[in-house]
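Everything on this sheet refers to the single structure shown next.
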Amino acid sequence: MPGPSPGLRRALLGLWAALGLGLLGLSAVTQEPFWADLQPRVALVERGGSLWLNCSTNCPRPERGGLETSLRRNGTQRGLRWLARQLVDIREPETQPVCFFRCARRTLQARGLIRTFQRPDRVELVPLPAWQPVGENFTLSCRVPGAGPRGSLTLTLLRGTQELIRRSFAGEPPRARGAVLTATVLARREDHGANFSCRAELDLRPHGLGLFENTSDPRELRTFTLPPEPPRLIAPRLLEVGSEGPVSCVIDGLFPVSEAGVYLALGDQRLSPDVTLEGDALMATTTATASAEQEGARQLVCNVTLGGESRETRENVTVYSFPEPLLTLSEPNAPEGTMVTVTCAAETQALVTLDGIPAAAPGQPAQLQLNATENDDRRGFFCDATLEVDGEILSKNESVELRVLYAPRLDDSDCPRSWTWPEGPEQTLRCDARGNPQPSVHCMRPDGGAVLALGLLGPVTRALAGTYRCTATNDQGQAVKDVTLTVEYAPALDSVGCPERITWLEGTEVSLSCVAHGVPPPNVSCVRFGGAEVIEGLMRVAREHAGTYRCEATNARGSAAKNVAVTVEYGPRFEEVSCPSNWTWVEGSGRLFSCEVAGKPQPSVECVGSGGTSEGVLLPLAPPDPGSRAPRIPSELAPGTYICNATNRHGSMVKMVTVSAESPPQMDESTCPSHQSWLEGAEAAALACSARGRPSPQVSCSREGAPWPRRLRVSREDAGTYRCLATNAHGTDARIITVGVEYRPVVAELAASPPGGVRPGGNFTLTCRAEAWPPAQISWRAPPGALNIGLSSNNSTLSVAGAMGSHGGEYECAATNAHGRHTRRITVRVAGPWLWVAVGGAAGGAALLAAGAGLAFYVQSTACKKGEYNVQEAESSGEAVCLNGAGASAGRDAGAEGGTEAAGTSEVPAGGEVFAIQLTSA
């Protein structure tokens with residue numbers, strides 16, 4: 001009989017547990033004294049917030065009760081043994097409410113503790129100084145008023161994100177509120193522009209609340225460095241009225257230099273400087289302009305300000321007035337012979353000097369007089385004035401030029417009587433005349449022909465050569481002069497006087513001469529290239545006179561050179577080296593008979609057969625010039641004797657040539673097949689290769705990539721690639737031969753899958769692999785009655801789907817090619833293993849399970865015997881499978897060659913039946 005369900009058991013256990021706890025509770029009530037309780041006993045509330053307090057007792061019937069506190073109340077709720085009250089606007093740092101009840105003439109009390117906290121809403125960093133000198137200390141002070149409790153507060157002073165100092169106020173009294181943190185910090189250059197701030201943290205996480213943070217507004221610190229030395233002021237000590245003077249003020253060691261201010265002033269006049277910053281240095285530059293109102297002693301001031309401090313430098317500048325001296329001529333343009341007065345004057349305080357002669361006293365003029373002549377034209381007069389200012393002597397001067405009017409002069413130095421110019425480059429033709437006013441000069445031929453363009457840049461040509469009359473004119477008169485112009489030019493060798501090509505005939509008498517043109521007349525000499533002897537006079541022409549000669553013409557203006565090619569012509573002549581008497585023609589070589597004949601001009605050559613097969617045949621000749629078009633190369637050439645005839649305009653010559661024909665080695669598919677086959681085990685033979693050619697080639701063969709051991713019989717290792725080489729005197733020919741070794745078939749592998757046998761309805765595959773060349777044809781022999789057999793495309797695989805008893809038995813695989821046949825067999829068993837199934841259980845369920853199993857076995861066995869049971873359904877459902885087939889056995893599949901079965905095979909008596917129950921998992 002089954003026991004209670006698990007849910008019922010759990011409910012009963014819960015009930016017993018509740019009863020047990022109740023009994024324990026009753027026991028505790030009877031044993032514990034009465035008490036009062038206040039919840040929450042300890043509370044932390046934000047300042048100004050509210051809180052509900054629950055006051056309760058375990059007294060069964062308390063007489064009265066209440067909650068005593070000084071805090072404001074907003075609402076109250078009551079019960080028989082409890083009281084709840086809301087406290088609002090809690091501001092006291094710390095209060096202790098009391099919960100009380102009157103029970104059995106006793107007062108029960110519970111005392112609580114309420115503390116308030118205030119967030120750090122105000123975090124104040126005391127303002128920093130406007131400027132802080134580098135290297136000096138400054139104070140950072142942070143105030144957090146009202147925040148608390150102070151014991152949970154932590155203050156941190158920050159430079160940017162860097163913590164400078166951090167202080168926790170742990171251990172302070174609970175009622176303490178607010179905090180102040182002060183630190184002394186040394187100012188650094190890198191602190192300039194840095195932001196300082198204060199962060200407050202109120203950590204109430206130990207009390208079940210969060211962490212409250214706040215940060216003050218950042219305050220920027222500005223640091224500076226101003227050296228104690230004053231700036232360097234550079235300015236002129238003296239400054240003339242109306243003039244400008246450079247002023248510069250320099251100071252080093254400033255930081256930050258860009259924040260520095262500069263003030264420059266000359267007396268009451270403020271200057272506007274250009275400020276240049278470089279590193280920590282500042283330079284202010286400007287120009288000071290003095291006015292007449294500032295004449296006298298003035299102060300130049302430079303003041304540099306940074307960080308509220310300043311450095312100043314002052315220099316004295318004297319402003320003075322000193323006008324230029326006045327220099328005058330009584331006649332600036334005086335005709336020749338006129339008296340001229342020169343006067344030099346200055347202001348009262350200056351002393352003047354005229355051409356080195358001082359005036360009698362300061363403030364008085366200096367004078368001189370002269371009778372103007374041609375030599376005084378463009379004479380300069382110099383007036384110098386000196387003035388003493390603040391102990392320094394200053395000077396100014398003035399100059400003037402006297403112009404004297406006179407008639408033209410044509411001097412040989414300015415207008416020579418004979419001019420010689422080189423031809424070609426541009427020249428400026430000059431004929432200058434002296435005179436005032438400046439004379440105009442014209443030069444032209446006496447016959448009224450060409451005019452020279454004087455003073456203009458132009459090319460000099462031979463046409464300008466000749467005699468010219470030059471006339472100079474101004475309003476004071478004129479001058480006339482005859483000049484001669486000679487144009488010189490370098491030698492020239494033209495084709496008329498010195499031809500580029502000359503032809504001489506061998507044996508005649510000639511001379512080599514060249515005529516050159518040039519001014520002055522050039523000298524001409526001719527020298528053969530590679531030699532030093534000058535060719536002069538008559539000579540008898542020989543072939544060695546042919547060549548190139550260099551003729552050079554030279555004069556004072558340069559030289560000209562020209563190459564003259566001399567050709568010596570002569571009749572034809574055969575040489576054995578260039579036209580041999582015996583020649584062998586090689587078929588396919590692409591070579592033609594070369595018969596080069598000496599002669600000028602180049603003789604024409606023709607070779608014609610004179611008997612036998614070559615009678616009347618024209619022998620193709622190689623062209624003498626590699627650039628010429630060659631005749632067609634013949635595929636065949638008749639050997640024999642040929643007569644060669646060479647002809648040019650100076651005569652002809654004949655020579656006999658004997659021609660023979662040969663050919664290089666040649667192999668093709670007919671003489672050396674590229675694919676050859678041998679039979680394994682046959683007597684070893686050489687490769688069948690021969691070659692054509694004259695003389696007869698020698699043929700040798702070797703294996704490619706591996707040695708070729710000589711064997712008596714052919715082996716599969718002889719298969720591969722061979723290279724045969726045919727050689728004679730005219731070359732080689734190679735041929736690659738592929739040798740294949742054929743052999744009889746062998747069934748190398750016959751395997752079943754799965755290897756352990758197959759149950760009825762299952763699938764199996766037989767694989768047959770054969771080794772043979774040429775490849776073997778695969779055929780199968782199956783047990784009688786085996787149906788539904790599938791084969792692969794090459795018959796190497798036999799497959800059966802849904803095996804039955806008729807598929808069990810012996811299978812044979814046969815491999816056949818042109819050299820023989822080989823077979824191998826394998827036995828396939830279709831059966832299933834035995835499995836006894838036993839089920840055990842409790843005393844009440846054993847009989848029922850045994851009855852059910854017996855009934856199932858009976859039905860299954862009956863269905864199997866009748867052939868009504870579906871094997872595939874049994875497999876998929878995980879139930880028992882019935883295997884019934886004629887000839888079935890319980891052994892595993894095994895294969896054997898030659899039809900021999902392997903060990904472990906069992907036979908079944910004729911007409912017998914085998915039944916098995918196989919339990920498979922779904």
Side-chain angles (χ1 to χ4, degrees), residues 577-596 605 607-624 626 628-642 644 656-679 682-711 714-715 717-742 773-774:
V577 175
S578 58
C579 187
S581 301
N582 293 282
W583 181 65
T584 300
W585 176 75
V586 179
E587 179 184 358
S589 65
R591 293 176 55 239
L592 296 174
F593 179 58
S594 176
C595 184
E596 296 182 2
V605 182
C607 297
V608 181
S610 65
T613 59
S614 65
E615 180 69 32
V617 176
L618 189 65
L619 180 65
L621 299 177
S628 302
R629 183 177 179 182
R632 185 179 64 84
I633 299 174
S635 59
E636 294 184 0
L637 188 66
T641 302
Y642 290 80
C644 295
M656 306 293 290
V657 177
T658 302
V659 177
S660 59
E662 295 183 356
S663 61
Q666 184 179 7
M667 293 188 293
D668 55 20
E669 193 67 25
S670 62
T671 63
C672 187
S674 59
H675 289 82
Q676 301 184 24
S677 297
W678 295 342
L679 179 62
E683 185 177 351
L687 288 169
C689 269
S690 62
R692 295 187 294 271
R694 291 192 301 272
S696 298
Q698 298 292 326
V699 180
S700 61
C701 299
S702 62
R703 186 167 184 173
E704 291 280 287
W708 184 18
R710 298 292 183 173
R711 301 182 179 88
V714 175
S715 169
E717 296 178 356
D718 294 331
T721 303
Y722 293 78
R723 187 174 187 270
C724 291
L725 188 68
T727 306
N728 70 2
H730 299 299
T732 61
D733 190 18
R735 190 165 177 83
I736 301 300
I737 297 96
T738 302
V739 174
V741 176
E742 299 182 353
W773 191 262

Say you draw a straight line from [atom1] of [X] to [atom2] of [Y]; how long is it, rounded to the nearest 0.5 Å?
X: Leu687; Y: Ser702; atom1: CG; atom2: OG; answer: 10.0 Å
X: Cys701; Y: Ile737; atom1: SG; atom2: CD1; answer: 5.5 Å
X: Asn728; Y: Gln666; atom1: CG; atom2: CD; answer: 11.5 Å
X: Thr584; Y: His730; atom1: OG1; atom2: NE2; answer: 7.0 Å

Counting neighbours of [atom1] on [X] that are heavy atoms of other residues, nucleotides or ligands and sit closer than 6.0 Å, is the number greater than 12?
X: Trp678; atom1: CH2; value: yes
X: Gln698; atom1: CD; value: no
X: Glu717; atom1: CD; value: no
X: Arg711; atom1: CZ; value: yes

Which heavy atom in [X] sits nearest to a heavy atom in [Y], and how many Å separate them?
X: Cys607; Y: Leu618; result: O-CD1, 3.4 Å
X: Gln676; Y: Cys689; result: NE2-SG, 4.4 Å
X: Ser594; Y: Pro580; result: O-CD, 3.9 Å
X: Glu587; Y: Ser663; result: OE1-CB, 3.3 Å
X: Pro673; Y: Arg735; result: C-NE, 4.4 Å
X: Glu742; Y: Ser677; result: OE2-OG, 4.0 Å

Query - Sulfur-sulfur distance Cys595/Cys644 under 2.5 Å - result: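 Answer is no: Cys644 does not pair with Cys595 in a disulfide.
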Requested in this report: Kindly confirm or rule out an SG-SG distance below 2.5 Å between Cys724 and Cys672.
Outcome: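 No, the SG atoms are not under 2.5 Å apart.
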Report task. Starting from the C-alpha separation in whole Å, work towards a yes-or-no answer on side chain to side chain contact (heavy atoms under 4.5 Å, CB included) for Trp583 and Leu592. Result -> CA-CA 10 Å; Trp583 181 65; Leu592 296 174; 5.7 Å; no
Query raised in the report: So do the side chains of Ser581 and Met656 get within less than 4.5 Å of each other, counting heavy atoms only?
Result: no
Query raised in the report: Would you say Thr641's side chain and Ser610's backbone share a donor-acceptor pair under 3.5 angstrom?
Result: no
Query - Side-chain (Glu669) to main-chain (Ser674) donor-acceptor, under 3.5 angstrom - result: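 Side chain of Glu669 to backbone of Ser674: a pair is present.
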Query raised in the report: Could you go step by step and tell me if Val659 and Phe593 meet the side chain to side chain contact (heavy atoms under 4.5 Å, CB included) rule?
Result: CA-CA 9 Å; Val659 177; Phe593 179 58; 5.8 Å; no
Query - Ser696: partners by side-chain contact (heavy atoms from CB on, under 4.5 Å), with sequence neighbours left out - result: none
**Report entry** Check against side chain to side chain contact (heavy atoms under 4.5 Å, CB included), Val741 and Val714
**Finding:** CA-CA 8 Å; Val741 176; Val714 175; 3.9 Å; yes
Requested in this report: Apply salt bridge (Lys or Arg N to Asp or Glu O under 4.0 Å) to Arg692 and list each qualifying residue two or more places apart in sequence or on a separate chain.
Outcome: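 Testing Arg692 for salt bridge (Lys or Arg N to Asp or Glu O under 4.0 Å), a comparison that skips the adjacent residues, returns Asp668.
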Query - Residue list, salt bridge (Lys or Arg N to Asp or Glu O under 4.0 Å) with Glu683, at least two apart or on another chain - result: none
Query - Side-chain H-bond candidate by donor/acceptor type, Thr727 with Thr732, under 3.5 Å - result: no
